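This structure is a prediction, so every number in the text was calculated from the model and none was measured. Scope of the values below: all heavy atoms of this structure, side chains included, with no hydrogens, waters or symmetry mates. Below, chains carry the letters A, B, ... as their sequence lines are ordered, and counting in each starts from 1.
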Protein chains: 2
Amino acid sequence: MPRPPSSQLTEVELQILRILWNKGASTARQIHNYLTEDRNTNYSTTVKMLSVMLRKALVKRDETVHPHLYQPAATQARTQQKMLKDLIQKVYNGSAGSLMLQALSSQKASPEELAEIRQLLDKLEGDEK
Amino acid sequence: MPRPPSSQLTEVELQILRILWNKGASTARQIHNYLTEDRNTNYSTTVKMLSVMLRKALVKRDETVHPHLYQPAATQARTQQKMLKDLIQKVYNGSAGSLMLQALSSQKASPEELAEIRQLLDKLEGDEK
DNA sequence: CCTCAAAAGCGAATTTATTCGCTAACTTGT
DNA sequence: ACAAGTTAGCGAATAAATTCGCTTTTGAGG
């Protein structure tokens with residue numbers, strides 16, 4: 001019996017997507033340059049990863065220009081949502097509330113963000129009635 | 001150049017840890033039985049995974065009894081914390097607040113949990129002054 | 001003590017994820 | 001249209017993650 005392919009984004013895939021989300025459409029060379037701030041790999045490797053991601057439909061590519069331009073296939077928000085849901089499912093036994101409590105108590109958030117959270121909370125609790 | 005070993009928990013490792021957190025100390029056979037509710041693998045595989053996890057110090061083993069009893073090496077809370085931090089770092093660009101906002105708006109939480117969150121929020125904002 | 005069944009361990013096979021060297025294709029500036 | 005330098009693509013190599021068959025060890029019962 002073989003090992004099943006993972007449905008998760010791999011380390012490099014996520015790193016590349018992050019670059020694309022933050023920097024916008026980029027060439028393989030640009031992506032590679034950002035990437036090597038963290039990893040120490042060859043240009044060929046970056047190109048290969050991009051081709052794999054293209055096959056997996058994780059990125060799109062504009063081939064009408066040279067060098068080609070790569071773009072993320074999904075928005076950052078949608079991907080975050082998916083991964084968040086996954087973490088809740090697998091690590092928090094499906095309890096979103098328990099994740100929120102832990103996030104709030106153990107990770108730093110700015111006063112502005114806290115205010116925003118409160119505002120959202122007001123809205124949510126208002127709807128309940 | 002080889003592929004670097006991942007510092008993340010793998011799929012099976014997490015599944016096994018979840019069983020141990022939820023069910024408490026268990027034998028390989030018990031773990032295997034729970035595991036096969038999701039996956040369809042051989043008993044040998046489960047034992048092997050446990051030995052790998054033992055080498056990685058992800059689980060502890062009581063060998064004074066037979067069959068041996070396995071226990072998680074880290075608490076669920078600590079592992080959650082680590083993985084949450086990692087997600088925030090890698091997927092939310094380090095912004096815990098942004099994760100909170102998305103969790104709050106896209107994932108269901110019970111009224112009790114919302115109340116708890118509000119309480120925690122009060123405490124946090126109180127400390128700021 | 002001996003037999004049987006379950007538990008534990010080992011080594012090897014398979015697949016995925018990642019890596020890069022080498023070749024081919026394309027641009028640009030003579 | 002040619003030379004030089006990128007850029008794109010391919011195929012093969014390597015380590016990690018997962019799988020299981022087979023052997024060895026252990027414990028319980030007679």
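- Looking at which nucleotide of DNA chain C each of A:E13 and B:P67 is closest to, the 5′-most match is held by B:P67.
- Between A:R39 and the phosphate of C:dT18, there is no side-chain N or O to OP1/OP2 separation shorter than 4.0 Å.
- Nearest to the side chain of A:S44, among C:dA8, C:dT18, C:dC22, sits C:dC22.
- Contact annotation: B:R29 reaches the phosphate of C:dA7 (side-chain N/O to OP1 or OP2, under 4.0 Å).
- Protein atom CE of A:M53 is 17 Å distant from nucleotide atom C1' of D:dG9, rounded to whole Å.
- Between A:W21 and B:N93, the closest side-chain pair of non-hydrogen atoms is not below 4.5 Å.
- Tracing side-chain contacts under 4.5 Å through hydrophobic residues (I, L, V, M, F, W, Y), one never reaches A:L54 starting from A:L69; they form parts of separate clusters.
- Here C:dA17 presents its P atom at 16 Å from CG of A:L50, a figure rounded to the nearest Å.
- Taking side-chain N and O atoms only, B:Y43 has no distance below 4.0 Å to OP1 or OP2 of C:dA6.
- As rounded to whole Å, 15 Å separates atom C1' of D:dT19 from atom CD of B:Q15.
- Rounded to an integer number of Å, the gap from B:D62 CG to C:dA8 P is 11 Å.
- Taking 4.0 angstrom as the limit, B:H68 places none of its side-chain polar atoms (N or O) nearer than this to OP1 or OP2 of C:dA7.
- Rounded to an integer number of Å, the gap from CE of A:M49 to P of C:dT16 is 14 Å.
- For the pair A:R61 CZ and D:dA8 C1', the interatomic distance rounds to 8 Å; values are reported in whole Å.
- For B:Q119, the CD atom is loosely surrounded, since the number of other residues' heavy atoms within 6.0 Å does not exceed 12.
- Proximity of B:T45 to the phosphate of D:dC20: a side-chain N or O atom is located under 4.0 Å from OP1 or OP2.
- Looking at heavy-atom distances under 4.0 Å, A:V12 makes contact with sugar-phosphate atoms alone, never a base.
- A close approach under 4.0 Å does occur between a side-chain nitrogen or oxygen of B:T10 and OP1 or OP2 of D:dT18.
- Judged by distance alone, with hydrogens and angles left aside, B:K48 brings no side-chain donor or acceptor close enough to the base of D:dG21 to form a pair under 3.5 Å.
- Residue B:R55 places none of its side-chain N or O atoms closer than 4.0 Å to OP1 or OP2 of D:dA17.
- For the OP1/OP2 pair of D:dT26 and a distance below 4.0 Å, the side-chain nitrogens and oxygens of B:H66 include no atom meeting the criterion.
- Residue order along DNA chain D, read from the 5' end via each residue's closest nucleotide, puts A:A28 first among B:N42 and A:A28.
- Note: CD (A:E11) to C1' (C:dT16) measures 15 Å, nearest angstrom.
- Shown are A:Q30, A:K60, A:R61; of these, the side-chain hydrogen bond (donor to acceptor under 3.5 Å, both in side chains) with A:Y70 is made only by A:R61.
- Nearest heavy atom pair, residue B:L121 against residue A:I117, reads CD2-CG2, 4.0 Å.
- Here A:E11 does not pair with A:R39 in a salt bridge; the nearest charged N to carboxylate O distance is not below 4.0 Å.
- Between the CG atom of B:N33 and the P atom of C:dA7 there is a distance of 9 Å, rounded to whole Å.
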